[in-house]
Every structure is written in structure tokens, then in C-alpha cells.
> 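Just dropping this structure here.
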Amino acid sequence: MAKAPKTAIKPTRVEDYPEWYQQVIKASDLAENSPVRGCMVIKPWGYGLWENMQHALDAKFKETGHVNAYFPLFIPKSFLEKEAEHVEGFAKECAVVTHHRLEADENGKLVPAGELEEPLIVRPTSETIIGAMFSKWVQSYRDLPLLINQWANVVRWEMRTRLFLRTAEFLWQEGHTAHATEEEAWEETRKMLDVYADFAENYMAMPVIKGEKTALERFPGAVSTLCIEAMMQDRKALQAGTSHFLGRNFAKASEIKFLNDQGTEEYAWTTSWGVSTRLIGALIMSHSDDNGLMVPPRLAPTHVAILPVIHGDERKSEVMEYCEKVVRELRDTTYNGSSLQVTLDTREARGGDKAWSWVKKGLPIWAEIGPRDIAKDAVFAARRDKERWGKWSSPRAEFVASVPRILDEIQQGMFERARDFRAQHTVEINSKDDFYDFFTAKSRKKPEIHGGFALSHWSGDPAVEEQIRNDLSVSIRCIPFDQPDEEGTCVISGKPSKKRVVFAKAY
RNA sequence: CGGAGUGUAGCGCAGUCUGGUAGCGCACUACGUUCGGGACGUAGGUGUCGGAGGUUCAAAUCCUCUCACUCCGACCA
């Protein structure tokens with residue numbers, strides 16, 4: 001009898017997917033829950049990922065003509081009230097500041113004092129406060145377009161939170177732009193969605209479907225919400241980024257007006273677009289396995305770790321010198337436009353423990369170097385993406401030279417694996433029975449991983465969305481751009497339809 | 001906000017029914033033997049038993065009230 005394979009993460013994905021997710025985060029040391037309800041502490045390995053995401057995205061924003069600015073954390077309540085749908089969408093999840101001072105009571109407890117005349121809302125998103133500023137900055141068509149991005153934290157008081165996927169406070173970027181014409185604003189909306197899709201696929205190695213949200217799933221106050229949707233390893237969908245065409249709704253609410261070249265006053269057309277630390281959750285659930293995280297090399301805070309193998313003191317300095325030399329050579333190597341990030345792991349732990357800690361963190365490559373290797377002028381290397389780490393002995397110079405190629409291979413392999421997984425679990429469904437079958441777990445008590453993306457016809461009727469949400473917890477993730485027009489009938493209602501849309505359970 | 005559950009050492013838990021000096025595993029510290037894929041031995045440190053009241057000679061344990069967190073729903077990036 002073969003023994004069950006030993007995994008670093010318990011339970012495995014198949015055994016208990018939500019618990020596996022939590023355990024991966026713990027084992028890879030990305031983040032942990034904080035003393036503050038629903039808020040997380042992002043630890044160095046997790047924050048390193050976020051920093052690399054920021055760098056890549058920020059460069060793309062700048063390439064597309066945007067500049068960064070910063071707006072206040074607090075929004076006067078009256079600002080949020082300006083756009084009716086927007087208020088309704090966010091009112092239930094706002095943190096509200098009502099006082100500006102603490103005073104000690106007779107028991108020495110601090111109690112709020114100094115009530116504010118107008119409560120301040122901790123921003124759940126910044127359309128309104130940025131709109132207020134835009135209205136001052138825009139006078140003429142010559143002031144447009146206004147292309148601003150901000151990196152910030154926002155707060156949404158969610159009832160139920162999960163690390164990275166939904167936290168009360170999260171980090172994100174929000175782009176806000178104003179344009180003279182509807183066409184130009186639409187172009188911006190689509191362009192930024194492309195930027196997100198490119199980032200998701202080429203940096204996160206996560207294939208995404210670009211599309212438009214249905215009215216039901218639209219951003220509160222938007223005319224149209226575009227999104228990228230990814231499939232996680234439990235086959236559920238995760239919205240990884242959104243780009244909103246806001247029409248003139250917010251311009252009217254915030255009085256963003258300009259004189260056009262005819263001398264006529266017009267409202268501007270605005271957009272907003274954002275991605276958040278939720279992307280780290282997407283990364284985890286796209287790539288990690290039962291031994292922990294797997295980080296795409298282009299976002300890895302560290303690419304290579306060197307693990308010195310030292311027995312006793314007599315050859316320690318020799319081994320360390322050799323390791324330092326390899327580290328220097330690696331650091332002089334260019335990968336993806338900058339130098340390789342390399343760690344010399346000098347922790348006083350056993351070799352196996354150290355290697356496993358890197359496995360769990362998802363480090364792309366590590367190499368053990370001991371007296372035996374030094375005798376051959378070689379290293380004993382391992383890579384995260386292969387079965388039992390695909391260990392191989394490689395002459396030192398050859399190893400150093402091969403690292404960028406191997407990283408590219410890992411990056412590419414991760415993308416292909418995720419893409420194949422999605423393809424395997426995406427099906428065209430044409431009957432209501434098949435549809436209900438597809439989205440129903442065989443085991444009701446402890447639902448197994450099931451379902452996926454269903455490409456099915458939908459006539460545009462919101463009642464269908466309502467019905468499948470209630471019956472199956474399934475929603476329309478998007479009306480995909482790349483799906484060809486085709487005559488058909490709605491899989492649920494039987495009404496005529498012109499296009500298949502993506503149905504899935506979602507995070 | 002509805003339903004369920006859990007709060008005991010840094011982490012994971014037992015002990016609670018049946019009240020009687022606070023336990024186990026991992027981790028941690030020291031020493032030794034080990035070490036090329038998650039070592040072992042010996043010795044050691046670690047607690048307001050979530051909080052506040054109450055019952056009792058005696059409370060982690062029984063009673064009342066609270067607070068927090070987790071999970072499942074509803075809602076949502």
C-alpha cells in the first residue's frame with residue numbers, strides 16, 4: 001500500500017477548500033487577522049507581493065498617461081449623498097466618524113467628546129471627494145482629460161470577512177478620470193480594463209475573461225461596469241478588477257463642468273477603475289497547491305534562496321564564502337528588467353525545515369550548496385513548480401545563467417496550467433436541467449468542489465439572475481467581449497437570446 | 001443582521017457533564033548526539049482558564065450577565 005502523499009498544508013484543497021486557503025496564508029506568512037475586527041495585518045512576504053503588484057501596475061498607469069495624487073481619507077457625509085444610487089450602494093457598509101476628541105470619564109475610561117457638526121465617512125471609494133476637487137480643476141475643455149490615480153486604503157464595513165478576499169479595510173488603487181466626450185471616456189474605460197487584463201495574465205499568470213457586468217452587478221452610480229473575471233481552483237469566479245464608465249452621473253452630482261470649444265457649458269464624462277489587495281487572494285487561489293503558495297516569478301519578492309549546507313565548523317567559512325559568491329553573481333543577473341532578488345538563508349535551522357519554509361512561501365527557485373557541490377563547482381537546485389521540486393545538480397556558472405530562463409518557464413507554466421484548468425471547467429450548457437445539475441453539489445452536507453463556468457444563453461431578463469441566485473447561488477459574472485453573437489434561447493427562461501454569458505458561483 | 005460553535009501557555013488542544021493546588025502536543029531556551037529533504041535525547045521557562053457578578057469551605061468546571069472571534073446564511077470588491 002502506497003502511503004498517502006505528505007502535504008505541507010492540511011487540509012488539502014479537495015478535503016476543505018476554504019480552510020486550505022486560510023492555512024496557505026498562515027504557512028506562507030502572508031498575513032494574519034488583527035485585533036481589529038475584519039482587518040488584516042499584511043506581513044512582509046504578503047506586502048512584498050503587493051509592492052511588486054503596485055510597481056508593475058503603476059508603471060502601466062504612467063505609460064497610459066496617468067499621474068498619481070492623494071485625496072483625504074475622510075469624506076463629508078453630504079458628499080456621499082450627492083449621487084442617489086451611489087449612496088444606496090455604499091450606505092450600509094460605511095464607517096462613520098462622529099467625534100474628534102476623547103475625554104476620560106470618572107473611571108478613567110476614554111469616551112468620545114466633541115461631536116462633529118457633520119459626520120465624516122471613512123472613504124469606501126473616492127468618487128465623490130475626487131469629483132469635488134475635479135469640479136474646481138476643470139473649467140475649459142483644455143483642462144481635459146484629467147487622468148488621476150491614487151494608491152490608498154479604503155474601508156467597507158463588511159459583515160463577513162476573509163483575509164485578502166474581503167476585509168473591512170483594504171489597500172487598492174483607484175483611477176479617476178474626466179473627459180470632454182463620451183467616446184473618449186468609453187475608450188479610457190476599455191483601455192484600463194485592458195491594462196488590468198494584461199497585468200493579470202502576464203504578471204499574475206492568471207487568465208481572465210473580459211466583459212461587462214449586468215445591471216444587477218454594476219457599480220452603484222455607474223452607467224456600465226467592465227470587469228475581468230478569473231477562475232479559482234475551486235472553480236468559483238473571482239472579480240479581479242473593474243473599470244467603470246460613469247457617464248455624466250458623477251459629473252452632475254459634483255458639478256464637473258467645462259466650456260467646450262463652442263463656448264457652451266457641458267458636464268464632463270468620468271470613469272473610475274480599481275484593483276485591490278484582493279488580487280493577492282486571487283493569486284493564492286489560482287496557483288497554490290497542497291504544499292503552499294506558488295508565486296509567479298514576475299511578482300516574487302525573492303526569486304532565489306541560497307541554502308548553505310554546513311556540517312560542523314571546520315568548513316563553514318569555505319561554504320559561506322562560496323555561497324556569497326553565488327549570491328553576488330545572481331544579483332548581477334537581470335530578470336524582467338531589474339536585478340534578481342536573492343536571499344542567503346543563514347537561519348540556524350535544519351536544511352529540510354528551511355527548504356520547506358520556502359516551499360510554503362512559494363519561492364520559485366532555491367539551491368542548496370555544501371562541500372560536495374563546492375568540490376564540483378556546482379549547486380543543487382530546486383524549483384517550486386515541479387514534482388518533488390525537480391531537483392538537479394548544475395555547474396555554478398550554468399545555474400546562474402539559467403535562472404532567468406527558468407523563471408520565465410515557471411511563469412509561463414503557471415499561466416498555462418491555470419488556463420488549462422479554466423478550459424477544463426468551462427462548458428457550454430443549453431438546458432435548464434444540465435444547468436442545475438452543473439451547479440449542484442452531489443454531497444449536500446459537505447459540498448465537494450463542483451461546477452465551473454457555464455457559457456449559456458441569457459435574454460437579458462434580470463428575473464433569471466434573481467432566480468438562479470436564489471436557487472443555486474449562481475450569478476452572471478459577465479457578458480464576455482470575446483463571445484461571438486449567436487442566435488439561441490435563454491437557458492432558464494427560454495426567451496430568445498443573442499449571446500452566451502458567463503455563469504458561475506462567485507467570491 | 002439571522003443560525004451554529006469556540007474562548008484554557010506563542011500556536012493547536014484536553015480538562016467542564018460529575019467542583020478539590022493548571023495539563024498535553026508543537027514551538028521556545030540550554031547542552032549533547034545528529035545533519036544532502038520536515039531529527040532525537042536530557043534538562044528548563046511559560047498561564048489573571050475572554051471579562052464582570054453570584055453560589056460554595058473550595059469554581060476553568062455550577063448560575064446570571066456581558067465581550068470577542070470563527071463557521072454557515074443574507075449582503076458585498
Side-chain angles (χ1 to χ4, degrees), chain A residues 6-10 16-19 21-23 26-27 32-39 88-94 124-125 154-174 196 213 216-220 222 225 227-230 237-244 272-282 291-292 307-313 315-316 319 348-360 366-376 378-382 388-389 391 393 444-447 469-470 473 475 477 506-507:
Chain A
K6 190 174 172 183
T7 59
I9 305 296
K10 280 172 272 206
D16 185 347
Y17 193 87
E19 180 62 20
Y21 175 78
Q22 310 264 30
Q23 292 304 323
K26 192 188 264 188
E32 61 185 65
N33 277 312
S34 76
V36 185
R37 198 200 94 97
C39 297
E88 195 172 334
F90 286 106
K92 279 178 287 183
E93 53 190 46
C94 283
T125 178
V154 289
V155 168
R156 296 183 190 174
W157 210 264
E158 298 289 349
M159 286 304 163
R160 204 176 142 202
T161 57
R162 296 185 69 188
L163 288 176
F164 290 115
L165 294 176
R166 179 163 293 109
T167 45
E169 179 194 16
F170 55 94
L171 307 183
W172 77 344
Q173 61 67 220
E174 46 182 326
Y196 288 153
K213 286 290 183 194
L216 210 67
E217 304 267 332
R218 199 178 281 154
F219 177 78
T225 290
C227 64
I228 51 172
E229 293 282 330
L238 187 131
Q239 177 178 305
T242 46
S243 184
H244 313 292
S272 70
W273 29 273
V275 296
S276 72
T277 37
R278 187 179 224 208
L279 288 179
I280 296 176
N291 287 316
L307 281 57
V309 178
I310 294 162
H311 308 290
D313 279 338
R315 304 190 66 183
K316 183 176 174 182
V319 172
E348 280 190 43
R350 298 170 58 78
D353 289 335
K354 287 207 271 191
W356 274 103
S357 82
W358 289 114
V359 168
K360 288 184 282 194
W366 65 97
E368 294 168 24
I369 299 177
R372 265 189 248 160
D373 308 293
I374 296 173
K376 296 186 291 183
V379 306
F380 196 59
R388 273 185 283 180
W389 330 132
K391 294 185 159 197
S393 180
R444 290 197 65 182
K445 267 197 201 138
K446 195 172 167 286
R469 178 202 278 180
N470 293 337
S473 303
S475 55
R477 299 322 302 154
Y507 278 96

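All chains are named by letter (A, B, ...) in the order of the sequence lines, taking the proteins before the strands, and each is independently numbered beginning at 1. Keep in mind the model is a prediction, meaning the values are calculated, not measured.
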> Between the protein and nucleotides 28-34 of chain B, which nitrogen or oxygen pairs are less than 3.5 angstrom apart?
| unit_1 | atom_1 | unit_2 | atom_2 | d |
| --- | --- | --- | --- | --- |
| U34(B) | O2 | Arg350(A) | NH1 | 3.3 |

> Given atom CZ of Arg162(A) and atom C1' of C76(B), what is their separation to the nearest angstrom?
14 Å
> Rounded to whole angstroms, how far apart are CZ on Arg372(A) and C1' on C35(B)?
11 Å
> Can you work out whether Lys26(A) or Glu217(A) has the more 5'-proximal nearest nucleotide on RNA chain B?
Lys26(A)
> Give me the distance, rounded to whole Å, that separates C26(B) from A43(B) when you measure between the P atoms they each carry.
14 Å
> Atom NZ of Lys354(A) and atom P of A39(B): how far apart are they, to the nearest Å?
13 Å
> What integer number of Å spans the C1' atoms of U55(B) and G45(B)?
37 Å
> Can you tell me the Watson-Crick or wobble partner of A39(B), both distances under 3.5 angstrom?
U33(B)
> Counting Watson-Crick and G-U wobble pairs only, both distances under 3.5 Å, name the nucleotide matched with C24(B), or none.
G12(B)
> Does A4(B) have a Watson-Crick or wobble partner in any strand here, with both distances under 3.5 angstrom, and which is it?
U70(B)
> Round to the nearest Å and state the distance from Arg37(A) atom CZ to C69(B) atom C1'.
10 Å
> Looking only at side-chain atoms of Glu368(A), point me to the closest of G38(B), G36(B), A74(B).
G36(B)
> Given the C1' atoms of U16(B) and C49(B), what is the spacing between them in whole Å?
11 Å
> Taking only N and O in the side chain of Gln239(A), is any of them less than 4.0 Å away from OP1 or OP2 of C76(B)?
no
> Glu32(A) CD to G10(B) P: how many Å, rounded?
14 Å
> Tell me, with the steps shown, if Trp366(A) and Lys354(A) meet side chain to side chain contact (heavy atoms under 4.5 Å, CB included).
CA-CA 10 Å; Trp366(A) 65 97; Lys354(A) 287 207 271 191; over 6 Å; no
> What nucleotide, of U70(B), G36(B), C75(B), holds the atom closest to the side chain of Arg469(A)?
C75(B)
> Would you kindly give the CG-to-C1' distance between Leu165(A) and C76(B), to the nearest whole Å?
12 Å
> What is the pairing partner of C65(B), taking Watson-Crick or G-U wobble pairs with both distances under 3.5 Å in any strand?
G51(B)
> Using atom CG of Asp353(A) as one end and atom C1' of A39(B) as the other, report the distance to the nearest whole Å.
9 Å
> For atom P, what is the distance between C63(B) and G20(B), given to the nearest Å?
15 Å
> If you assign each of Gly370(A) and Arg218(A) to its closest nucleotide in RNA chain B, which residue comes earlier from the 5' end?
Gly370(A)
> CE of Met159(A) versus P of G73(B): gap in Å, rounded?
16 Å
> For A60(B), give the paired nucleotide (Watson-Crick: N1-N3 plus N6-O4 or O6-N4; G-U: N1-O2 and O6-N3; both under 3.5 Å), or none.
none
> Over 60° means perpendicular and under 30° means parallel, so classify the ring planes of His244(A) and Phe219(A), tilted if in between.
parallel
> When you compare G15(B) with C31(B), how far apart are their C1' atoms, in angstrom units rounded to a whole number?
34 Å
